[in-house]
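This report concerns only the one structure given below.
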Amino acid sequence: MSKETIATPSQGGVETEAVSADYFANRQLKQGAAGWILLIGLGVAYVISGDYAGWNFGLAQGGWGGMFIATLLMATMYLCMCFSLAELSSMIPTAGGGYGFTRTAFGPWGGFLTGTAILIEYAIAPAAIACFIGAYCESLFGVGGWIIYLVFYVVFIGIHILGAGEALKLMFAITAVAAIALGVYIVAMAPHFQVANLFDIPPTEANGASSFLPFGYLGIWAALPYGIWFFLAVEGVPLAAEETKDPKRDLPRGLIGAVLVLLVFAGLILLVGPGAAGAQSLVASGNPLVESLVKVYGGSTWMSQFVNLVGLAGLIASFFSIIYAYSRQIFALSRAGYLPRSLSLTNRNKAPVMALIVPGIIGFGLSLTGQGDLLILVAVFGATLSYVLMMAAHITLRSRRPDMPRPYRTPGGVLTSSVALVLAAVALVACFLVDLRVVIGAAVIYALFIAYFALYSRHHLVSGTPEEEFAAIQAAEQSLR
């Protein structure tokens, strides 16, 4: 592979290398694999496991009232953020997603900081979901633990290696089944709803404690990371940009459609689950939907068995789809030289094999801890950090590059993205309230990524990638004005 080094100190002291055509020929994704309906399914698939397990840990932090307010705030954040990302994805439709947006707004450093924060989110989230899959399999088949985690990682990474088109269609089908099961659960629980069940957690001595807020005002803040779990990773829809039929039209539709579906599910699940079974009974459950059905109906029924079985499909949908997301994020960062270039090599099916396998090995190792609630916290740390940076990119590009073509424009403009930015910053700080040690550990990992970029990869970036070319064209156009 021929190359030449070209110093570009004006871009934060980075250096790029020109590569041969073979470099990109070996790093191609399958184009035209997804339309906007499939993208809505992908967005819901990323998140639907959050309806089945994980959200209920927020009840232990803030009670039902604290979790309700936290979810309302995070729903507002995600709605504003998805409107903002819809604009950015129509402007910059590349596989880098958030990395591409901030690369254009802030240069290579901004792109790297955002891309690695997203990578932490997407690499850790499947490990948390694997823990919940283990809990559901234990309930269904009497088998859980590491063997279940391993089987699911091997099988679903293997399916992704077969190709994106097949994987996306299978994800859509699994997600549709999981959504039907949520509908069955909501209908089954609604007749047993009683307002008093929402407030059965005894108030503590915390400041502002009441039956509505048993852990006081601080409980709202501590519940924010679990309110996020109802929506975490929907922002990954733009990662499918280079595999979408018409990205400028389909990505905004996919993002907004997915978040609207998730808003409805989040509100109904949070209301009927604790409202029928009692908030106290769900604070530490690994499969809260099934356990709440069993409690309400006095034992196992066809409904609880159905939700348990299909609930596993919901967890699989998110597990499966977030593997897709982390592979595309790594693919984009690796192709541009921010991460080792071997990670972006694709096979004959146009699947980035090493970008699928390496994080899978790491995720499997983390799943062995069995600490799904703490793994959620690490994923939320990476997510909220990336949200702050992406919303800052939206505001910056609106200010500095108002002339850039925007096939879709965010309702409310920078006001919308500013609301999302402030709420994301609040949620980021909230992570430190739940378990300081876990978040500090995540921050240390993030710092190691930054050190790698500062000491090595910023001197070996690749010119000619879609994200780098887009940024270069925009910079050239700006210099002519």
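For clarity, every value in this text was computed on a predicted model and none was experimentally measured.
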Answer whether the closest heavy-atom distance between the side chains of Leu374 and Thr369 falls below 4.5 Å. no
Give a yes or no on whether the backbone of Gly314 and the side-chain of Ser49 come within a donor-acceptor separation of less than 3.5 Å. no
Any side-chain heavy atom of Tyr446 sitting closer than 4.5 Å to one from Leu385? yes
Approximate separation, where rounding is to 0.5 Å, of Ile316 CD1 and Ile174 CD1: 6.0 Å
Value rounded to 0.5 Å, distance of OG1 in Thr102 from CE in Met391: 10.5 Å
Mark yes or no for whether Thr114, through its side chain, and Gly111, through its backbone, hold a donor-acceptor pair below 3.5 Å. no
Shortest non-hydrogen contact between Leu263 and Leu79, atoms and distance: CD1-CD1, 4.0 Å
Which atom of Phe101 lies closest to which atom of Ala393, heavy atoms considered: O-CB, 4.1 Å
Spell out, as yes or no, whether a donor-acceptor pair under 3.5 Å connects the side chain of His160 to the backbone of Phe320. yes
Hey, are the side chains of Met354 and Leu345 touching, using non-hydrogen atoms and a 4.5 Å cut-off? no
Run through Ile161, Val155, Ile159 and flag the one making a side chain to side chain contact (heavy atoms under 4.5 Å, CB included) with Ile157. Ile161
Which class fits the ring pair Phe112 and Phe453: parallel under 30°, tilted 30 to 60°, perpendicular over 60°? parallel
Between Gln371 and Cys131, does the side-chain contact (heavy atoms from CB on, under 4.5 Å) criterion hold? Intermediate values first, please. CA-CA 7 Å; Gln371 300 294 315; Cys131 295; over 6 Å; no
May I ask you to check whether Tyr408 and Ser89 show a side-chain donor-acceptor distance below 3.5 Å? no
Give the intermediate values and the outcome of side-chain contact (heavy atoms from CB on, under 4.5 Å) for residues Met67 and Gln61. CA-CA 8 Å; Met67 182 60 183; Gln61 299 294 331; over 6 Å; no
Phe152 and Phe156 aromatic ring geometry - parallel, tilted or perpendicular at 30°/60° bounds: parallel
Identify the two heavy atoms, one from Pro359 and one from Ile330, that lie closest to each other, and give their separation to 0.1 Å. CG-CD1, 3.0 Å
Tyr46 side chain to Gly236 backbone, donor-acceptor under 3.5 Å: yes
Can you confirm whether Leu232 sits close enough to Tyr122 that some side-chain heavy atom of one is under 4.5 Å from a side-chain heavy atom of the other? no
Does any N or O in the side chain of Tyr52 come within less than 3.5 Å of the main-chain N or O of Ala178, such that one atom is a donor and the other an acceptor? yes
Side chains of Val19 and Arg341 in contact at under 4.5 Å (non-hydrogen atoms): yes
Report the C-alpha distance between Phe230 and Leu270 in whole Å, list the side-chain angles of each, state the deciding distance to 0.1 Å, and finish with yes or no for side-chain contact (heavy atoms from CB on, under 4.5 Å). CA-CA 10 Å; Phe230 276 124; Leu270 184 59; 4.3 Å; yes
Is there a donor-acceptor contact under 3.5 Å from the side chain of Tyr297 to the main chain of Met303? no
So do the side chains of Val296 and Phe193 get within less than 4.5 Å of each other, counting heavy atoms only? no
Taking the side chain from Asn347 and the backbone from Ala351, do they hold a donor-acceptor pair closer than 3.5 Å? yes
Side-chain heavy-atom pair Leu282, Trp64 within 4.5 angstrom cut-off: no
With sequence neighbours left out, the residues meeting ring-ring contact (aromatic ring centres under 6.0 Å, His included) with Phe231 are Tyr78
Rounded distance [0.5 Å steps], CG in Leu88 versus CZ in Phe83: 14.0 Å
Phe364/Trp146 under ring-ring contact (aromatic ring centres under 6.0 Å, His included): CA gap, chis, key distance, verdict: CA-CA 8 Å; Phe364 169 69; Trp146 72 269; 7.1 Å; no
Using 0.5 Å steps for rounding, measure from the SG atom of Cys137 to the CG atom of Leu315. 9.0 Å
Got a second to check how far Leu262's CG is from Asp51's CG, nearest 0.5 Å? 7.0 Å
Please name the pair of heavy atoms, one in Ala424 and one in Thr384, separated by the smallest distance, quoted to 0.1 Å. O-CB, 3.8 Å
Between Glu138 (side chain only) and Tyr136 (backbone N and O only), is there a donor and an acceptor less than 3.5 Å apart? no
Please collect all salt bridge (charged side-chain N to carboxylate O under 4.0 Å, His left out) contacts where either partner lies in residues 75-90, sequence neighbours excluded, each pair once. Glu87-Arg398, Glu87-Arg406
Aromatic plane relationship, Tyr452 with Tyr456 - under 30° parallel, 30 to 60° tilted, over 60° perpendicular: tilted
For Glu291, side chain to side chain contact (heavy atoms under 4.5 Å, CB included) partners two or more places apart: Ser285, Asn287
Donor-acceptor pair, side chain of Asn308 and main chain of Val290, under 3.5 angstrom: no
Could you check Phe319 against Tyr153 for ring-ring contact (aromatic ring centres under 6.0 Å, His included), going step by step and ending with a plain yes or no? CA-CA 9 Å; Phe319 181 79; Tyr153 266 107; 4.9 Å; yes
Could you tell me which non-hydrogen atom of Ser292 sits nearest to which non-hydrogen atom of Tyr185, and how far apart they are? OG-OH, 2.7 Å
Distance, nearest 0.5 Å, that separates CD1 of Ile376 from CD1 of Ile228: 11.0 Å
Is there a donor-acceptor pair under 3.5 Å between the side chain of Ser321 and the backbone N or O of Leu42? no
Contact check, side chains of Val378 and Phe381, non-hydrogen atoms, under 4.5 Å: no
For a quick test of reading the model, state the closest non-hydrogen atom pair linking Pro238 to Gly97 and the distance between them. CB-CA, 4.3 Å
Assess the residue pair Tyr226 and Val380 against the criterion (side-chain contact (heavy atoms from CB on, under 4.5 Å)); give the C-alpha distance rounded to whole Å, side-chain angles, the decisive distance to 0.1 Å, and a yes or no. CA-CA 9 Å; Tyr226 302 101; Val380 168; over 6 Å; no
